[in-house]
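Reckoned from all heavy atoms, side chains included, excluding hydrogens, waters and symmetry mates. Computed from a prediction, not measured in an experiment: that's the story for all the values here. All residue numbers refer to positions in the sequence shown, counting from 1.
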Amino acid sequence: MSATLVQELQDQAQKFWAPMMVDELKEQAILPTLVSKDYDGEIKQGGDTVYVSMVEAAEGSLKTIGVDHQNYSSEKLKTQRVGIVADKILEATFELDSLIDLQTQLGSPEGQSKIRSALNKGLELQLNKYLYGLVAPSASAPDHIINGVTDFNATQVLNVRKLASQAKWMTEGGWWLLLDPSYYNDFLAAATLTSQDYVGNDLPVIGGKKPYNRFGFNILEDNSDAMWQVSPTTAASDLALAFHPDFLYLVNQMQPTIKISDLHSNKQRGYLLTAELVVGAKLGIQGNLKHITVYNA
């Protein structure tokens, strides 16, 4: 295979696959899809910094007509700003014996490709693991860490709702509750929680699933391996994460970079195919108060 063909295939993959991979990543990964991506700036390369800003609410004042209403009581505008550095690279890599399969799948008119899907799955798994690793709710009163929950029923949903309300989560953006398969089974077993009256018919499909809407939460099952990081132990079941999207900010390149290289210089036959995406993530402003973890240690 000539170097020219390798470059042509790389250019085709970048042109046709990369945009698809971003869309697929958003469709398949639940937590990365739901966290906030509202920031100022642009990620062009690793190390770039973007910013999230928030204007604090005014304290305001109450005046009495005829007594003290003639003059305004002003206050300084207070803002908070958080910088997020894109300092992580997600990568997925395959070694190929030949470029025949790659040529065939790039030429598919429907854009179907098992190779592209497999690369994207690798990026998805690493991104999900990275974001769950940043989960760090407040441990001070009121505690946003709920331990010892064996049965995730209506009572537990209400306990989480109370904490969220006390923390004054905004309604814009929605409240989300991700349950591992064990807790989701508990949830499904409660008829009062799964009645069709409470299915969010007007809600988007996330990760191929339709959320239930109950007690103010959009509730989804997340069976990803990364959920174990919700618990301080290595428990693989009885795990839940409740959050407002602003609890965590995710920044990333507009699309992954795809490269194809001949391994001949390494005295190997074959080719190296990589897909990589520069990302960064950080807890949002007061992010520790905008999410709650539930588990059974």
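Between Asn288 and Ala136, the shortest heavy-atom contact is CB-O, 3.6 Å. Listed here is the closest heavy atom pair of Leu239 and Met227: CD1-O, 3.4 Å. Between Thr293 and Val230, the shortest heavy-atom distance links the atoms CB-CG1, 3.7 Å. Across all non-hydrogen atoms, the minimal contact from Ala18 to Gln255 is CB-OE1, 3.5 Å. Lys129 approaches Gln229 most closely through the heavy-atom pair O-NE2, 3.1 Å. Considering all non-hydrogen atoms of both residues, Leu31 and Phe247 come closest at CD1-CE2, 4.4 Å.
Counting heavy atoms from C-beta on, the side chains of Leu248 and Leu134 come closer than 4.5 Å. Two residues are said to be in side-chain contact when any heavy atoms from C-beta on lie closer than 4.5 Å; Ile43 and Val50 meet this criterion. Counting only heavy atoms from C-beta outward, the side chains of His144 and Leu163 approach each other to under 4.5 Å. Counting heavy atoms from C-beta on, the side chains of Trp176 and Ile30 never come closer than 4.5 Å. Within the 4.5 Å cutoff, side-chain heavy atoms of Leu273 are placed close to those of Ile258. For the pair Val35/Leu131, a side-chain contact is recorded, criterion being any heavy-atom separation below 4.5 Å from C-beta on. Proximity of Val85 to Asp48: side-chain heavy atoms (C-beta onward) are nowhere separated by under 4.5 Å. Here the side chains of Tyr130 and Val279 are in contact, with some heavy-atom distance below 4.5 Å.
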Tyr212 and Tyr184: side-chain contact (heavy atoms from CB on, under 4.5 Å), yes or no, with the steps?
CA-CA 11 Å; Tyr212 283 92; Tyr184 197 69; 3.4 Å; yes
Using the side-chain contact (heavy atoms from CB on, under 4.5 Å) rule, take Leu179 and Glu221 through it: C-alpha gap first, then chi angles, then the decisive distance, then the call.
CA-CA 5 Å; Leu179 307 177; Glu221 179 183 27; 5.7 Å; no
What's the verdict on side-chain contact (heavy atoms from CB on, under 4.5 Å) for Gln286 and Asp246, showing C-alpha distance, side-chain angles and the deciding distance?
CA-CA 9 Å; Gln286 297 181 330; Asp246 283 353; over 6 Å; no
With side-chain contact (heavy atoms from CB on, under 4.5 Å) as the test, would you mind laying out the steps for Ile146 and Tyr295 before giving the verdict?
CA-CA 7 Å; Ile146 304 175; Tyr295 57 90; over 6 Å; no
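Glu276 places no side-chain N or O within donor-acceptor distance of the main-chain N or O of Thr257, the cut-off being under 3.5 Å. Although no hydrogens or angles enter the test, the distance criterion places a donor-acceptor pair under 3.5 Å between the side chain of Asp186 and the main chain of Phe152. In this structure a side-chain-to-backbone donor-acceptor pair under 3.5 Å is present from Asp68 to Thr64. Without hydrogens or angle criteria, Tyr183 side chain to Val149 main chain gives a donor-acceptor distance under 3.5 Å. Between the side chain of Asn147 and the backbone N or O of Ala297, at least one donor-acceptor pair lies under 3.5 Å. The main-chain N or O of Glu172 is found under 3.5 Å from a side-chain atom of His244 such that the two form a donor-acceptor pair. A donor-acceptor contact shorter than 3.5 Å is absent between the side chain of Trp169 and the backbone of Gln166. Under the 3.5 Å distance criterion, the side-chain polar atoms of Asn153 are matched with a main-chain donor or acceptor of Gln156. In terms of modelled atom types and a separation under 3.5 Å, the side chain of Ser117 and the main chain of Ser113 share a donor-acceptor contact. At least one donor-acceptor pair under 3.5 Å links the side chain of Gln10 to the backbone N or O of Ile260.
Using the six-membered ring where Trp is involved, Phe217 and Trp175 have ring planes that are tilted, between 30° and 60° apart.
In this structure, CG on Asp180 lies 14.5 Å from CH2 on Trp228, to the nearest 0.5 angstrom. Considering CD of Glu95 and OG of Ser261, their distance stands at 11.5 Å, rounded to 0.5 Å. In this structure, CG on Leu119 lies 12.5 Å from CG on Leu277, to the nearest 0.5 angstrom. Distance CG/Leu5 to OH/Tyr271: 7.5 Å, rounded to 0.5 Å. One distance of note links CG of Asn120 with CE of Met20; it measures 11.5 Å at 0.5 Å rounding. Leu241 CG to Leu177 CG: the interatomic distance, rounded to the nearest 0.5 Å, is 8.0 Å.
Residue Leu34 is grouped with residue Val135 when hydrophobic side chains (ILVMFWY) are merged at heavy-atom distances under 4.5 angstrom, including chains of intermediate members. Taken together through direct or relayed side-chain contacts under 4.5 Å among Ile, Leu, Val, Met, Phe, Trp and Tyr, Leu158 and Val294 form part of one hydrophobic cluster. Following chains of ILVMFWY side-chain contacts shorter than 4.5 Å, one cannot reach Ile89 starting from Leu125, and the two form parts of different hydrophobic clusters.
Within a 6.0 Å radius of CG in Asn185, other residues, nucleotides and ligands contribute more than 12 heavy atoms. Around the NZ atom of Lys37, the shell of radius 6.0 Å holds more than 12 heavy atoms that belong to other residues, nucleotides or ligands. Asp143 CG: more than 12 foreign heavy atoms inside a 6.0 Å radius.
Under 3.5 Å, the side chains of Asp238 and Ser182 contain a donor-acceptor pair of N or O atoms. For the residue pair Asp101 and Gln105, no side-chain donor N or O sits within less than 3.5 Å of a side-chain acceptor on the partner. Side-chain polar atoms of Asp222 and Ser224 form a donor-acceptor pair below 3.5 angstrom.
Thr171 is linked by a side-chain hydrogen bond (donor to acceptor under 3.5 Å, both in side chains) to nothing, counting only residues two or more places apart in sequence or in another chain. For Lys282, there are no salt bridge (Lys or Arg N to Asp or Glu O under 4.0 Å) partners, not counting sequence neighbours.
Side-chain heavy-atom separations under 4.5 angstrom define the hydrophobic clusters, and the remaining members of the one that includes Leu272 are Leu263.
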